[in-house]
Amino acid sequence: MGSVASYFRNLNKKEKKQEEERLLRANDRGFNLSFQYANNAIRTSKYNIFTFLPLNLFEQFRRLANAYFLFLLILQMIPQVSSLSWFTTAVPLVIVLSITAAKDASDDINRHKCDKQVNNREVEVLIDGELKKEKWREVQVGDIIKLENNEFVTADLLLLSSSEPLNLVYVETAELDGETNLKVKQALTVTGEMGDSIEALASFNGEVRCEPPNNCLDKFKGTLTVNGQAYSLDNDKVLLRGCTLRNTEWCFGLVMFGGPDTKLMQNSGKTVFKRTSIDHLMNILVLGIFGFLATMCAILSICNAIWEANEGSAFTVFLPREPGVNSSLSSFLTFWSYVIVLNTVVPISLYVSVEIIRLGNSFFIDWDRKMYYPKNDTPAQARTTTLNEELGQIKYIFSDKTGTLTQNIMTFNKCSINGKAYGELCDFSGQRIEITEKTPRVDFSWNQLADPKFIFHDHSLVETVREGNPEAQAFFRLLALCHTVMPEEKKEGELFYQAQSPDEGALVTAARNFGFVFRSRTPETITIMEMGRKVVYELVAVLDFNNVRKRMSVIVRGPEGKTTLYCKGADTIIYERLHPSCSNLMKVTTDHLNMYAGDGLRTLVLASKDLDESYMKEWRKRHNEASTAMEDREERLEELYEEIEKDMTLLGATAVEDKLQDGVPQTIEQLAKADIKIWVLTGDKQETAENIGYSCNMLREEMNEVFVVAANTAEGVREELRSARRKMCPDAAEEPSVTTARAGLFWLKKTQTVQDEKVDGEYAMLINGHSLAFALEEDLELELLRTACMCQTVICCRVTPLQKAQVVQLVKKYKQAVTLAIGDGANDVSMIKAAHIGVGISGQEGMQAVLSSDFSFAQFRYLQRLLLVHGRWSYLRMCKFLRYFFYKNFTFTFVHFWYAFFCGFSAQTVYDEWFITLYNTVYTSLPVLALSLFDQDVNDRWSFQYPQLYAPGQQNLYFSKKAFLNLTAFSCYSSLVLYFVPWAAIHDTVRDDGKDIADYQSFALFAQTCLLIVVSIQMCLDTYHWTAVNNLFIWGSLAVYFAVTFTMYSNGIFVIIPSAFPFVGTERNTLNLPNVWLTIVLTSLLCILPVVAYRFIVMQIRPTINDKVRHRARKEPPPTPAPRRPVRRVSTRRSGYAFAHSKGYGDLVTSQRFLMKRPVKGRVMLFSHITPAES
Amino acid sequence: MKEEGNLENRPSNTAFTQQRLPAWQPMLSAGVVIPGFLVIGLAFIGIGVGLLITSRSIQVLELDYTGTETNSPCNKCTTLPIQNNCVCKLNFTIDTLFKGPVFFYYSLTNYFQSQRKYGASLDYNQLSGDLTYFKSPASDCDPYRYANGKPIVPCGSLANSMFNDTFKLYQIVNGKENLVPFDGKGIAWWTDYNIKYRNPDYSPLENAFNDTEKPVFWSKPAYKLDTSDSSNNGFVNQDFLVWMRRAALPNFRKLYRRITEGDYKDGLPVGNYSLEISYNYPVKSFDGTKKATFSNVSWMGGQNEFLGIAYLAIGSMCVVMSVVMLIVYAKFRFPEDD
């Protein structure tokens, strides 16, 4: 019952005044407890056993509909008003309440389970001088805990000490901010000295004074007081919950914030209840219906007053008035009586049916094997079961990049060595073969040091290298030498590389597998294994990368004393510095590069140069001078580098793939065909984002222009946005056309909609976080929106989680369109919550995004199935359901209205009370449920074949106010037919045995049978997809109707309770008459044939895409998905230089501070970037 | 991390979960819709013609005897003071044989048996012979629940307002009045007579009604409705049953007698007739009318032209629609290409 405790604690907390500063002391639970800080248990559930019933009932009755039915029930208890027995409302209301309660309970149980799972994770806590395993929820503020490699950080910690030198720890913060490169945190020396000495830690009594809980991820302020000495604390010394410890054996931390106070939880905010646009529309309609109901009742009560005055007062001979009742009082009572009789316009089962349908359709998502990812055993999951139909209305998708579009794996994919391309597989006809998981891999078992995870498919490259081809060997030697990777060999032969950027890691790993294993380095040497032979190179100089140089070189001296310069860099840069003799090779290599670029691969060109010993001596001298010079050091070094990096020999080119998830380009293409706009919002660098844009086909070479907005001032951003817009659409007005409207309940909400503008040609826009910050300001946001919406593709890079949400909000605000956000990391949480629908990529280590998402699955490509199949069907089904449901209830109810004119406006029902009770709950509920669970216009394969089928949902075609008015009019017609045809058929006639026919009970049975048959046929007309279940439910419901009717009107049941079943014998006396059946046929056809004729003619004259595809689907077998063949594209655009990711610990490594404090411990830490002067 | 090959979360592969249930997908295609309309249209026209011919062959004779017009023989019964046992006679002639069996009805107009409170004002338990409810009738019966401190049986407005005009039909043959025999049995539903309405199991029946009051408007208590025939007395009196089966509409017709016996078995022959009405039931106050109606029936019941005409009209519309749709189809034709 931890949740109960935390619940009450939460209550307490609310009363407690706002925390202003947090004070805590290590290893002193008593002291810390006095502040009542939250412990590390989290609670996302809403109820517990005791609060469930009252809270849930309270919540349910807050819903307009339920409150309305409660009100009705009370009305029905008043004998003067009650025109229907109380059970007609009470029974359905109880059913509805209990179904909803059951669903809420099961949802909450899931949340409890989730909480429990997280709360029960174990961590080692230092208690009474001993490390003990404790559950997460038991962890208290002020505890010292020990974390091990790859463990999640338990709470927000102050880092005390670590296994790594200099008290560093490496953490992955992808969960928090989505950045995948490792971050470094460093403990204070004063705490770091404690190391893993339990005694030292147990006696540690530092006092932390810091900021109260907040949600700023990148700021922290506080002080640590140890032995009277105060040390300032900043973000670098804090490990946040949600991070994962990497490359660090262990570390100790002091818990500062637990559970709900952690930055992670503070950031996750409150769960917002999402409602679909259909929900909003439904609320408006229901309100309208209430108005309509009141109008009908008012009309009838006025008529009643008139009738009472004219007829009723005269009829008092036979029906005397109750004392005190005059026509105005009677009319008042009639109003309420008619509210009861006509209440079925807002049927109680509407809401519960809608919930059931959504739940059912959610189950279909959970069950879909085509959205199940076998690799990590992850099925798709509809976490929110109330949003399905909105999946069929998506207009904008906001996608994260890393982990969503890409796998965040860099692979060495292809290379060109000495003019020969490797890495591609061709079949006999020279056609490219797509590489799949089944393609045989190259066997690297000959190489003991090979990385088993490395995959390569082209055998010829291995053969070439093993044959001893000098160019190939030089190529890989370069890759093994020219980089800044740090190796780690904890056990003999088990190598790990710590690379600044995943691309660099990929290249060094490739060299490793092809027999050039980078093994270790010292500041002066690099040791590599060349085809099994250990070779130590002397590192003469590192000519480092920067954004201007776009290349990196190393100068090494081999064991034979030969000095060589190895250089890798962007093609344009390297080509300028090649020896003219390479021109032929350059041409061939350029072709290869174009091909790689076309595939969206990141390319690098490799070159080398043998250096003359004497020249080298002289150069080193100058280099030494330059690097110690007090003035113009940078420039002088730059000159030296320029001088030496020329007349190089081209070795070849590499192509690294930022591996996309499977099927991403195809999915994006499909979604684009469905007229869904996709915006990529990523925290990554511009180059990376751009490159991914190209490789997943969102950016294309043939686009008219790709605008890059990267200004640093508001004015600059405005200018860039404007000029982009003018270029795309020169004649567009300067001011955006904004349509202002009112919407929502009571038309209280003002909405502004920016109209779409037509643009010729295809454009794309890239905007970085800096510019976005300006563009999202109030005065620029419309400009941004206009320009962005004109573009086919929008990519925002370097954006913060908050900006992601702001972009989504912007589109939501001004486009009135349904948005979907998809992401995998904690940095996407805000956007997932902001969008109408949030999708989380599950199955990876992080769960934050999934936990706050509405739908989750393992692969981006499942998005197309979720939208184009499940979403479309759900939307179609929901709309059909609503249309049919309102139709059947309106028709049912309006008949009462017409009958009022024949019963003195006395609120006499047309039908038997039992029929009224059972109509919605039994006779017509199952067929419409079957329709809304099983209906498909066309199957999934056709849905993929024609993504355009998705458009009606985006345009709200199937259920709108207009559609609602149409169906109301049609119901009105049907009810007229249903009342007046039976009326005309019997009002002046008699039965075939001479008895009178127009008695109330016969007429009631007659009318209700007509009604039920008509609505059943209408159901048949609306059903596109007749499964056995549909048949069973439709025919079954009719059969049940007759069975129930015959039972309830039978002698036996009448004898038991005479007053409850007064209709005894009616069916036998009525349904055996030929003219009754002739009238039923007439009524049905009169209701149905106009619909058939109308639909047929409209379909002929203006067939929708839906009609066309259905028509085709009838004639042709479903299309089989075409086998995917990679398209060969050639591009002259080059991807971002692989070194673009040079942040990370590179800064730290090159820092002076770091170099001074050489590692004390035994582990070999090796550093590059040492200038020769220092060595 | 889960190992590869562990597929415990894999959804099951059934047609239901994968939404691949075999299904029939009908469409409103020209091949079905156009011939369908034509066939329905023709069938309707056929049925309509049949119905119309049948309906035309049915004879109906209505005689209004409300007596609002001053020249009406029953006018005297409507003028004040209302006398008890006012009898008036209506003379009429039948020109062609009124084929038997002939049914004799009384009709009331502007009479709201369909009024909710009127219709609900009865006690089914009482009427099924439950003596408990003889002592305390259901509250629905108000204001005809108690009279003079005693419970009313049968209670309620519906029973209270039972129609109490009586009729006798004479054929005038050579100036002499021949009584046409009326059959008052079998005019109510079998279920009403045998199931729904039961007299209390008491003999003599009268004793069951001890300490009860007859309905206010009734001239005699329920157990005296037909003293000659115990199976037609009390709650199972056929006239009572017919009345208690309340009408759905304000203008209605209720079966009074059948003419099935003797010389009139095959119908009412040509001749002059006189209908003797004992006029008791007031309708003038609410502008109602009272009619006596003779009718015979066919397989489709009494005369009703509506059905025949409606069938004909809709049949013709269907035929027209099928032509229209054919033209539309020929002209627009669903474009097959995308």
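Since we're looking at a predicted model, the values are computed, not measured. Letters A, B, ... mirror the listed sequences (proteins, then strands); counts begin at 1.
Residues B:Phe294 and B:Phe104 place their aromatic rings such that the two centres sit under 6.0 Å apart. A centroid separation of less than 6.0 Å is found between the aromatic rings of B:Trp243 and B:Tyr111.
Between the side chains of A:Ser943 and A:Asp940, no donor-acceptor pair of N or O atoms lies under 3.5 Å. Side-chain atoms of B:Tyr118 and B:Ser161 include a donor-acceptor pair closer than 3.5 Å. Between the side chains of A:Tyr372 and A:Asp377, at least one donor N or O lies within less than 3.5 Å of an accepting N or O.
Side-chain contact between B:Phe235 and B:Ser128: absent, with no pair of heavy atoms (C-beta onward) separated by less than 4.5 Å.
Between chain A and the options B:Arg258, B:Met321, B:Lys254, the largest number of non-hydrogen pairs under 4.5 Å is found for B:Lys254. Ranked by heavy-atom pairs under 4.5 Å with chain A, the first of B:Ala188, B:Ser322, B:Ser121 is B:Ala188. Your options are B:Ser157, B:Pro143, B:Pro26, B:Pro22, and the one with the most heavy-atom pairs under 4.5 Å with chain A is B:Pro26. Per-residue heavy-atom pair counts under 4.5 Å with chain A were compared for B:Trp24, B:Phe252, B:Trp189, and the maximum is reached by B:Trp189. Between chain B and the residues A:Asn1075, A:Asn1031, A:Ile1101, the largest count of heavy-atom pairs under 4.5 Å involves A:Ile1101. Ranking A:Ala1004, A:Ala1028, A:Ala1093 against chain B, the residue ahead of the rest is A:Ala1093, based on heavy-atom pairs under 4.5 Å.
Looking at B:Tyr133, neither its backbone nor its side chain comes within 4.5 Å of chain A, counting heavy atoms on both sides. Looking at A:Ser337, the atoms closer than 4.5 Å to chain B (heavy atoms on both sides) all sit in the side chain, from C-beta outward. Looking at A:Phe315, both its backbone and its side chain come within 4.5 Å of chain B, counting heavy atoms on both sides. Both the backbone and the side chain of B:Ala30 come within contact range of chain A, each with at least one heavy atom under 4.5 Å from a heavy atom of that chain. Of the atoms belonging to B:Ser285, heavy atoms from both backbone and side chain fall under 4.5 Å from chain A. Neither the backbone nor the side chain of A:Arg1102 comes within contact range of chain B, judged by heavy atoms closer than 4.5 Å. Residue B:Ser12 touches chain A through its backbone alone, counting heavy-atom pairs closer than 4.5 Å. Using a 4.5 Å cut-off between heavy atoms, A:Leu1086 touches chain B through its side chain atoms alone. Contacts of A:Leu1078 with chain B are made by both backbone and side-chain atoms, with heavy-atom separations under 4.5 Å. Neither the backbone nor the side chain of B:Asn160 has a heavy atom closer than 4.5 Å to any heavy atom of chain A. Only the side chain of B:Ile40 comes within less than 4.5 Å of a heavy atom of chain A; its backbone N, CA, C and O stay farther away. Within the 4.5 angstrom heavy-atom criterion, atoms from both the backbone and the side chain of B:Ile195 approach chain A.
Heavy atoms from other residues, nucleotides or ligands lying under 6.0 Å from CZ of A:Phe363 number 12 at most.
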Applying side-chain hydrogen bond (donor to acceptor under 3.5 Å, both in side chains) to B:Gln25 and A:Arg1114, what does each step give before you reach the verdict? CA-CA 8 Å; B:Gln25 292 202 307; A:Arg1114 275 163 63 85; over 6 Å; no

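By the side-chain contact (heavy atoms from CB on, under 4.5 Å) test, B:Pro35 pairs with no residue at all, sequence neighbours left out.
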